Engineer: 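I have a structure here, written as C-alpha cells, and I will follow up with some questions on it.
The chains referred to below are lettered A, B, ... by the order of the sequence lines, with proteins before strands, and numbering in each begins at 1. This one's a predicted model, so the numbers in the text were calculated from it and none came from an experiment.
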2 protein chains.
Amino acid sequence: MTTPIVARRSVSILDVARRAGVSASTVSRSLRGASNVSADTRDRVLQAAHELAYVPSPAASRLVTGRTHAIGVIVPFATRWYFSEVVGGAESVLRVAGYDLLLYNIGDRASRSHFFQTLPLRRRVDAVLGVASSFTDAEQQALTSLGLPLTMVGGRFNGFHRVGIDDEMGAATAVRHLVRLGHREIAMISGDPDDQVGRATTLARRAGFRRALGEAGIDAQPDQVVSEPWGVRGGIHAMEHLLSRARLPTAVFAESDEMALGALQTLRKTGLDVPGHISLVGFDDHEMAPAGDLTTVAQPVYRQGELGARILLGLLAGERSAATDIVLPTRLVVRGSTGPVQGRP
Amino acid sequence: MTTPIVARRSVSILDVARRAGVSASTVSRSLRGASNVSADTRDRVLQAAHELAYVPSPAASRLVTGRTHAIGVIVPFATRWYFSEVVGGAESVLRVAGYDLLLYNIGDRASRSHFFQTLPLRRRVDAVLGVASSFTDAEQQALTSLGLPLTMVGGRFNGFHRVGIDDEMGAATAVRHLVRLGHREIAMISGDPDDQVGRATTLARRAGFRRALGEAGIDAQPDQVVSEPWGVRGGIHAMEHLLSRARLPTAVFAESDEMALGALQTLRKTGLDVPGHISLVGFDDHEMAPAGDLTTVAQPVYRQGELGARILLGLLAGERSAATDIVLPTRLVVRGSTGPVQGRP
DNA sequence: CTGAAAGCGCTAACAA
DNA sequence: TTGTTAGCGCTTTCAG
C-alpha cells in the first residue's frame, strides 16, 4: 500500500569505507571528528564521503546511541507573534548545531491533555524547551517523568533553567513613564488571570502596575484593572468598558501590545485623541507596535529563544550547573501614544 | 563526554512480547493494527503494552522501514504572521496523523544557500512542504533531486501539487471595491519585485491591480506603483513617497496588510483622514487588520497549511493523481479604512 | 591508529 | 494466525 520513499538503495557507510579503503568504524570516527584517526586517513574518508554525497542515516545513529539530536519545543499557540519569535530564535541556534526542532502546539484543552497523557516526545527528543506556559502539578510531573533536560522560556518551572524577563519590573517601568508625564488616574487593561496560559505573566504585570502606583503614592481604585480575554479583541472590549464609565482615566497601561492596539482602535472610533485625551502604553514591542505608534516596553523575544536553545545544547554537551535564571533587560520605547496629562475632554 | 539520556534501559518490544506471551512480530503487528492478528491476541498485547507504558522507538522503525513519519516544512521567514499561520495549520494536521514537523527556516541568503547545498532534510523526512517561495532553477533541481513528494503552499513549482489563492483576482477585488466607491486616482504600494521571496505574489497582485484599473477604463499612470521593501516599514516609506507628490491619489491599494498598516501610520501622522481624504485597502486579513480597522481581502492562511499537509499525507498513503492546484477563495472584508471618494483636502 | 564483531529495537519475509 | 530469522545502518567495545 505504501510506496517506497527511496528507490535506489542510498549510499551507506560501507560504500564510503570501501571507496576510502578502510573499515566502517574508521569512517564513523572520521566523520564525527574523533581524535584517534590519522589526519591522512581522515582526509581520504572525507574525500570519499564527499564524492559519494554520503549522508549518514540519523535513524541508525539514533538507534545505537540513543540520542536523537532533536529537541522538543512546547508552545501554547504556535501562531502568535511572541511564540513564533521564540521558536524562530531557538530554530536558528539548533539548526546550526545540527539539531532538529520538533514543535508541539498544545493550545486548546483537548490537545493539551492529549499531549500530557501520551507525551509524544518520548524517544523523539533529547531535551525540551517550554515556552511561556504555566503547568499544573500533574503536567509538571508528566514533564519531569520524561527525565529529559528542560528549560523554560518566559515561564517558570521550579528547579529548571529559565530565561525570561522581569515582567513586574517591565510593567512598573511602563507605569512610571505615565506617572512622570503627570498622570495619576491610570487604568490597566489586562488578560484574564484565570486563563491557564499567560497566567503568570498577567499576575506579574499587574503586580508591577500596582507597585508603580504605590511608589507614586496613588491609591488603588476599585475597577482600576479591567480583565478581558487576551488579544486585540480583548483590548477593544476592555477599552469600551473603560469608556462607558462616568470618569475616564487619563492614561491606560495595557498588559500586551495586542491588547493596546485593540484599545487604540476603540479610542480612535470614539474620536478620543491619543495622547491628547488619553495616553496609552503597551508591553512587548510587538512587530506591529510601530504601526500604531505605540509607546511600549520592549523585551528581546527572539533572543530568549536563542538563549533557551543554547542552554539546552550546553546541558546536552554535559555541562552541569545549578538552575540558571537568565533575566533579560526590558527597555521603554517611547513613541507617540503617550504624552503629558492634559485637561480632560 | 556526553551524558546518557535514559538511565534505565527502556522497555522494548520484547518486554511487551514476553508479558503478553507472544513473539515480537505479533506485538509489532498488533500495535500497528495489522489485520492478521486475532482480536484476542491483540487485546492481550495492547494490555501488556499499556501496563508497561511501552513507547515504540521511532529510530528503530525508521531504520527498518525507511519511512521517517516526518515531513519538512520550508519557510523563508518562520516568524512572520503568514508563515507561522501556515506552519500552525500544517502542524495541527500532521500531529494528529502521528507525523513530526521539521521546520526549515531559510530566510537570509546564507542559510538559504546552505540549505540547498547540504539539503539537511535528506533521510529525515518523507515529504516536503514548501511555503510561499519562488525557487531558482538550481533550487528546484536540488529539491527535485530529493525524490520526495513535494507540495507548495502559496507558491508555485510546476509539476507539483499546490494550494494557494488567486492573488491576481484578490488584488482586483480590492481595487474594484475602490472603483465602486468612485475612486479613479488609485495608487499601489508594493514590495520589491526583485526580491526573491514573495516575488511571484508581488507580480500577481500588481497584475490584478492593473487589470481592475483597465476594466474601469482608468489609464495607467507612471509612478502609480510604489516599490518598497515588504513590511510595515516599507509601507510607511511608500506612503511618504506618495505624500511627497504634488497630486495625491484618493485611494491606495497596499499589497499586504503589513504595508497597509505602515501606510496608515504615515497618514495619521500627516493628519490626513482615512477614509475622508484617502481610502486604503490591504490584502491578507492579518490578525492586526482589525486593530487598524483596515479594509482588506482575506485569505484562509491557516487552512492552506492544513490542506498542504493533507495532500502530503495522501501522497504518502499511496494516492496518485495529477498535480492538483487547489485555489481557495478570497473575500473582501470591508472595514473603516475605505469610503466614497470626496473632495480633496 | 585501525578493524572485527556485536547489537541498538524494530519490521518483513518466510515457514509453520 | 503466529513465530523464526535476518537484517536496516550505524556506533562501540575490544583486540591487534
Engineer: How would you list, by chain and number, every residue that makes a salt bridge (charged side-chain N to carboxylate O under 4.0 Å, His left out) with R310(A), sequence neighbours excluded?
Structural biologist: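 Residues passing salt bridge (charged side-chain N to carboxylate O under 4.0 Å, His left out) with R310(A): none at all.
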
Engineer: Would you please name every residue forming a salt bridge (charged side-chain N to carboxylate O under 4.0 Å, His left out) with D137(A), sequence neighbours left out?
Structural biologist: none

Engineer: Could you go through L94(A) and L313(A), starting from their C-alpha distance and side-chain angles, then the distance that decides it, and tell me whether this counts as side-chain contact (heavy atoms from CB on, under 4.5 Å)?
Structural biologist: CA-CA 8 Å; L94(A) 294 174; L313(A) 291 179; 4.0 Å; yes

Engineer: Going by ring pair (Phe, Tyr, Trp, His ring centres under 6.0 Å), name the pairs with one or both residues in residues 28-53 of chain B, residues two or more places apart or in two chains.
Structural biologist: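 Residue pairs with at least one partner in residues 28-53 of chain B: there are none.
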
Engineer: Measure CG/D15(B) against P/dC10(C) and give the value in whole Å, please.
Structural biologist: 9 Å

Engineer: Using five pairs at either end of the helix from dC1(C)-dG16(D) to dA16(C)-dT1(D), determine the angle between the two local helix axes and round it to 10 degrees.
Structural biologist: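 Computed angle between terminal axes is 30°.
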
Engineer: What pairs meet the salt bridge (Lys or Arg N to Asp or Glu O under 4.0 Å) rule with one or both residues in residues 30-41 of chain A, with sequence neighbours excluded?
Structural biologist: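 Sorted pair list: D40(A)-R44(A).
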
Engineer: Taking atom P of dA12(C) as reference, at what distance in whole Å does atom CD1 of I13(B) sit?
Structural biologist: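 My rounded result for the distance is 11 Å.
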
Engineer: Nearest whole angstrom, please: distance from the P of dC1(C) to the CG of D40(A).
Structural biologist: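 Roughly 12 Å, once rounded to whole Å.
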
Engineer: Counting only non-hydrogen atoms, which of residues 53-63 of chain B are less than 4.0 Å from DNA chain D?
Structural biologist: L63(B)

Engineer: Where each residue is assigned the nucleotide of DNA chain D containing its nearest heavy atom, which of V64(B) and T65(A) is assigned the position nearer the 5′ end?
Structural biologist: V64(B)

Engineer: Not counting sequence neighbours, list each pair that qualifies as a salt bridge (Lys or Arg N to Asp or Glu O under 4.0 Å) and has a residue in residues 74-84 of chain B.
Structural biologist: none

Engineer: Using the side chain to side chain contact (heavy atoms under 4.5 Å, CB included) criterion, which residues pair with S57(A)? Sequence neighbours excluded.
Structural biologist: A59(A), A60(A), L63(B), R123(B)

Engineer: Just jot down the side chain to side chain contact (heavy atoms under 4.5 Å, CB included) partners of A138(A), sequence neighbours excluded, or say none.
Structural biologist: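 T136(A).
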
Engineer: With F157(B), which residues qualify under ring-ring contact (aromatic ring centres under 6.0 Å, His included), at least two apart?
Structural biologist: F160(B)

Engineer: With sequence neighbours excluded, give me every ring pair (Phe, Tyr, Trp, His ring centres under 6.0 Å) pair touching residues 81-107 of chain A.
Structural biologist: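 Those involving residues 81-107 of chain A are H69(A)-Y99(A), W81(A)-H286(A), Y104(A)-F115(A).
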
Engineer: Could you write out each protein N or O paired with an N or O of nucleotides 1-4 of chain D at a distance under 3.5 Å?
Structural biologist:
from, atom 1, to, atom 2, distance (Å)
dT2(D), OP1, S38(B), OG, 3.2
dT2(D), OP1, T41(B), OG1, 2.3
dT2(D), OP2, S38(B), N, 2.9
dT2(D), OP2, T41(B), OG1, 3.3
dG3(D), OP2, S23(B), N, 2.8
dG3(D), OP2, S23(B), OG, 3.2
dG3(D), OP2, T26(B), OG1, 2.8
dG3(D), N7, R29(B), NH2, 2.8
dG3(D), O6, R29(B), NH1, 3.3
dT4(D), O4, S25(B), OG, 2.7

